[in-house]
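Notes to accompany the following structure.
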Number of protein chains: 2
Amino acid sequence: MSLQLLKALPHLRSATTAVRPQIARTTWSEHIATKVFFSTTTTKATPAAPPPPPPTQPQQPVPPTTTSWGTKKQNRKVKLRSAAAEFIMSNPEIESQLAPLRERVQEQGNLVRDLKAKGAPEIDVKKAVAELKARKKLLEDKELALTPSVVSFDRAKMEDLLKRRFFYDQSFAIYGGITGQYDFGPMGCALKSNILALWRQYFALEEQMLEVDCSILTPEPVLKASGHVERFADLMVKDVKTGECFRLDHLIKQALEKLSKAKDATPALQAECEDIIIKLDGLNKQELAGVLAKYNIKSPLSGNDLTEPIEFNLMFATQIGPTGLVKGFLRPETAQGIFVNFKRLLEFNQGKLPFAVAQIGNSFRNEISPRSGLIRVREFTMAEIEHFCDPVLKDHPKFGNIKSEKLTLYSSCNQMDGKSAAQVQIGEAVASKLVANETLGYYMARIQQFLLAIGIKPECLRFRQHMSNEMAHYACDCWDAEILTSYGWVECVGCADRSAYDLGQHTAATGVRLVAEKRLPAPKTVEVSEIVPNKQALGKTFKKEAKNITDALAKLSLEEITKVEEQLAGEGQYKLTTADGQSHDLGKDTISVKHSTKTVHVEEFIPSVVEPSFGIGRIMYSLLEHSFQCRDGDEQRCYFTLPPLVAPIKCSILPLSNNTDFQPYTQKLSSALTKAELSHKVDDSSGSIGRRYARTDEIAIPYGITVDFDTLKEPHTVTLRDRNTMKQVRVGLEEVVGVVKDLSTAKTTWENVTEQYPLFEQQEASK
Amino acid sequence: MSLQLLKALPHLRSATTAVRPQIARTTWSEHIATKVFFSTTTTKATPAAPPPPPPTQPQQPVPPTTTSWGTKKQNRKVKLRSAAAEFIMSNPEIESQLAPLRERVQEQGNLVRDLKAKGAPEIDVKKAVAELKARKKLLEDKELALTPSVVSFDRAKMEDLLKRRFFYDQSFAIYGGITGQYDFGPMGCALKSNILALWRQYFALEEQMLEVDCSILTPEPVLKASGHVERFADLMVKDVKTGECFRLDHLIKQALEKLSKAKDATPALQAECEDIIIKLDGLNKQELAGVLAKYNIKSPLSGNDLTEPIEFNLMFATQIGPTGLVKGFLRPETAQGIFVNFKRLLEFNQGKLPFAVAQIGNSFRNEISPRSGLIRVREFTMAEIEHFCDPVLKDHPKFGNIKSEKLTLYSSCNQMDGKSAAQVQIGEAVASKLVANETLGYYMARIQQFLLAIGIKPECLRFRQHMSNEMAHYACDCWDAEILTSYGWVECVGCADRSAYDLGQHTAATGVRLVAEKRLPAPKTVEVSEIVPNKQALGKTFKKEAKNITDALAKLSLEEITKVEEQLAGEGQYKLTTADGQSHDLGKDTISVKHSTKTVHVEEFIPSVVEPSFGIGRIMYSLLEHSFQCRDGDEQRCYFTLPPLVAPIKCSILPLSNNTDFQPYTQKLSSALTKAELSHKVDDSSGSIGRRYARTDEIAIPYGITVDFDTLKEPHTVTLRDRNTMKQVRVGLEEVVGVVKDLSTAKTTWENVTEQYPLFEQQEASK
């Protein structure tokens, strides 16, 4: 996929380049033993600065507590999460190691600037940019490897839990499974649906957006206009005998890595291979074919020869209807559904701009060889917003509300200079033109608020600006919200100012003017040229074709009308091509050109689009990594600290034992929770209470109500346990559902609850 | 599509037969000028009995009210909805007209019973059933045409409003559009999402179901096992020259209708044509080809010859991955995703039965020529439940809660006897074995509760039982919730007891035993025969093949093991076929058969499945028809009486004029509504307040807050208007959001609100 494509289609970037760096980065994640960050195991390195608490998740003090069923395991202090901007700040020792790498980036950044200033040939600029990216990658890998907080994250352990408790798992596994496809089990499905509900509240409801739900099956012409049919492709090669396919960049990387690790590899060969691997991302089809040939790369599975590189379009093709004539694709993004409905939506909004349209739905990309779990899949849920506005008025009425929000911005400039990301107030960033306009800045701040609200760690979130070479020629500015995971920095939300590109493309393809109108400051007199068809004469001469001709005439641009006039004056006739491709010679008897003046009060324009685009699966995966924990000293007791707002199940009900006296209370609580619309799980199985707590922790249930012998006494009370701290309080039976409701909807905090209700140490009664 | 298929795949029925009757029924709906039911125009006929009020929608008294901006138009009484079981009861006069038709049905019903009792050949039974269905259709058409409440419903008028205010509209219209695909605009999308939220609450939450979210792209083997690859097809013919496709039954119907209306048509020919049209549904491929030939039917568009009938599979095919070797389909239903995950789900439920799994998602069917708007589309949202239970224990713990619920049941027996549907308590229906078991009955009652809660008219809802000939051989019982619309009775929810069919099919296809275990009343001693492979000898003889051989041996059934033993004893060797199709001769040196006894405490069984399956688009369309109204005496002022629970937007805020003094109040109200999570729309455009009310009525907004000059005075108050009655009350500014919240969540009714707050007649202050 050429850089040009990446420019043209920011959406697509998330399918391809955004991923390439990650795939390159697997070297790092595999070699450095998937060591990344936050964990419950201690690390000897000391962070340079004491970590400030993350803004949205207030830390509660966590003194050790004793429960009535207290075992040693439960009695432990829960470690505070390793927090704060450790990734951003580094200590002097680390900085000295990074300095030469930073210098190399800056040197190359300056070269790129120079080349562009001199107007050097595009191919030279591209090569310099490829080298710049390679150097940036080396810097970033080193940075992550050296940061003190980068301690081991055991991905396999988390994935084992996700599979075992069926958060999600490979689709059709009993049939052998399909790579890149996942089924969400009860916990994954509920988590996803809670994230989406919060998204609706944050965006659709709070910003009064128009939410739509458009078709997935899309006819070819729509995706031709958007550029996907021509350019949404990856390069692959096939085994000439077996037909096995390989994604070209992956294959070359693997082959060269193997080559450079061979016993007889000379240092020169090793350096050569490493150089190519680093630059792989910037090589074009011919250059990659050259690499294949030079190193005589064969199929890694069979040793057979490989075909020349083939461009493989990543859309799933099908046929709509039975004729086999209407080609269609599964949409590769939801955005196009919004653009083709622009006229209806503008009308729904009574013709007024700005307005924003939201859509949540599935999209599909036929990846050549998907890996990386939920990060790279063939079928995925997106939540996209298209904010339509006047191209010259990109301010935002609610910008004041968020202008003091601090974001970690990794600007294009800093990237070219080998510098780190920096914390900036979004108000300042817009004022200094670092971020192009208020609307873009507003959405960036709102994206951050949303991600932090669902539980993304603030120190693992940054906004990376596209460098001018990554960006489409029509786009003004583009920032990706990237989240740090064990796969590296993963692009999870794109936020781009796409200008008038998409509406322009569909207008050109259909002739339907996807435009808005605005009142002119003062009425304007304009000259109007129009073609006046002599309908009678046309009908007589062209019979059935006459309608096609008048239709084609109506579509002529001002420029073309001038041409018609010239030709009629000169040659006495004009050759017109109708929509069905036929040509007709029109003489002066059939058409004439009329000039007049008209007073206009409004002008038409194609609105600009600012597009925040959320990859829900990626966000969800990142969130799971960020909230995965093991109890201090017991690596087998793992759990997720998902915030109550998004936790799949809000509350468990555990009778202390299977004593039948507890049943009426259990049932009563369950009914009350249902009435309060709180998802909950009754676990009256025979395991010990500690074991049952551990099971509810595994599926991230934040609160647990235990019915014990004290419950049977008046006044009836129960214990309420907090998953994160394992502390318990004693609450009246009638009150507890209200408390859980307030906790689950973030109307109160556990800290407040512990102040309001007595801590529970041991039940008084026993049978 | 053969009747056998309809039997085998109840899901599919909703794609095909359930529709065929509707399509046949278009004759009726077209000819009787789309006259159907409920309307605001009065009808002279008097219903036989006074209509009882529908159970879930308490009728409020609706005296005329005057508003401060009261125009004559607003001053009108809103007519009570025409309610009650008018379709079920008929008056004696009507009954006398229906009697001969009823008799003809009963006569044929008895013939079918006779044939089956005698064990007549299947083909004879099938023919008799086809005739029975044809007679039933005549009866039903007549019944609807004669019922007094069948008054005109103006579908075109409603569709115009739906399009104009973008509830939904054809997809990709600017590219010419695609039939059978619709985009939901802001109002349609919100309505759908509110219906689904309520569905989740009614089913997933209240029944503590496990909700999952499975892949849409499905590999071929899964759909081979389910029977879709082989049998999910409709018959079509192609124009031999242009390739244009026609659904065969539609084409024949059209052609014969034209033929019988021709001037030179003899009465004999007319009768012949009518007879074929009525029986069309029961004809097989050969018989339909015969009809084509006999009447020399050509393409209605070009007059060209047509091909022989072709079976066209209704699934959208594509390829997964780049090799072109993995064939896949877009799922035609969501159910299979649940079945293939059965093991994981059972484990999630700690191995215990019963449990229910829910899934909401899109499915796809490549209809040959979709018509009928939202009723027949290529891409649609389903909500399916698979309730897994012990095949011998189909009682339901919560059956008691719903047993006195009355349902309109159209039993198989009544259908065969030419009788009408009847109101029956579900408890009685299960006790009398009319409905097969408690679980099925429980879901039927819950389906009814859900449909009434969203606003389906009770008198337009019935449960039709599949006749034994429609039902799969494995199914015990099957009832469809059908809703009466201007398209006739439309199947909207299927509710079937599918026994162990699906899990059995996937077990057979994969070798993975999709079973549950139950504890035996007492331990049992069983004889065990097993094959003991001599691994060393196998390895020596068969090398790499040894593993395949031991795998194949492990899969042998008890029967096969007996055969192995016999052959080893007799011929001294056994020929085994491994999974890859290779045969191997195994001698006594490599395998032996061992017998032992074992005490078992549990037994394995394949669970039964009860499946309620909701077609969300169809339900939504029916709801729109049921709630479409025009103001009495003003046919241009149309609106939807959607219940607040599902209405797309809960409240409007209308400043009386564009006086800037109103702005702070408007903004304050908007913030408060957002905080209360209430969707709302501020309309501060310049239209008169009456006009703006009418616009909010069109998009079904149930409540409107108006800010007027009295609002500016202390104590600050606003008016709150009810869409259905057009009455208004005066409420304190601080209170009004709470009142709207309670109304929107069904915590209070408008009637209560009018008792609590003063009716508003005219504002006191004015500028």
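Throughout, protein chains are lettered first and strands after them, A, B, ... in sequence-line order, and every chain is numbered starting at 1.
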Next item on the list: With sequence neighbours excluded, tell me which residues meet salt bridge (Lys or Arg N to Asp or Glu O under 4.0 Å) with B:D683.
Entry: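 With sequence neighbours excluded, B:D683 shows a salt bridge (Lys or Arg N to Asp or Glu O under 4.0 Å) to no residue whatsoever.
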So what's closer than 4.5 Å to chain B heavy atoms on [X]: side chain, backbone, both or neither?
X	answer
A:D169	both
A:L678	backbone
A:V340	both
A:Q350	side chain
A:F312	side chain
A:K352	side chain
A:Q319	backbone
A:Q181	both
A:Q201	side chain
A:S670	side chain

Tell me, side chain or backbone of [X] under 4.5 Å from chain A's heavy atoms, or both, or neither?
X	value
B:I178	side chain
B:Q208	side chain
B:V512	side chain
B:K343	neither

Do you know which of [options] has the most heavy-atom pairs with chain A at a distance under 4.5 angstrom?
options	result
B:T510, B:L210, B:I699	B:T510
B:G243, B:P648, B:S369, B:A317	B:A317
B:N362, B:T218, B:V357	B:T218

Can you name the closest pair of heavy atoms from [X] and [Y] and give their distance?
X	Y	answer
A:H680	A:T674	CE1-OG1, 3.3 Å
B:S679	B:I649	OG-CA, 3.4 Å
B:F184	B:C189	CB-N, 3.8 Å

Item checked: Residue among A:L325, A:L330, A:V326 with most heavy-atom pairs under 4.5 Å to chain B ->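 The option with the most such pairs is A:L330.
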Item checked: Greatest number of heavy atom pairs closer than 4.5 Å to chain B - which of A:A190, A:G180, A:S685, A:S193 ->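 The residue among A:A190, A:G180, A:S685, A:S193 with the greatest pair count is A:S193.
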Checklist line | Those residues that, when tested against A:Y182, pass side-chain contact (heavy atoms from CB on, under 4.5 Å) (two or more places apart) | finding: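 Per chain and number, A:Y182 pairs via side-chain contact (heavy atoms from CB on, under 4.5 Å) with A:Y168, A:L374, A:V377.
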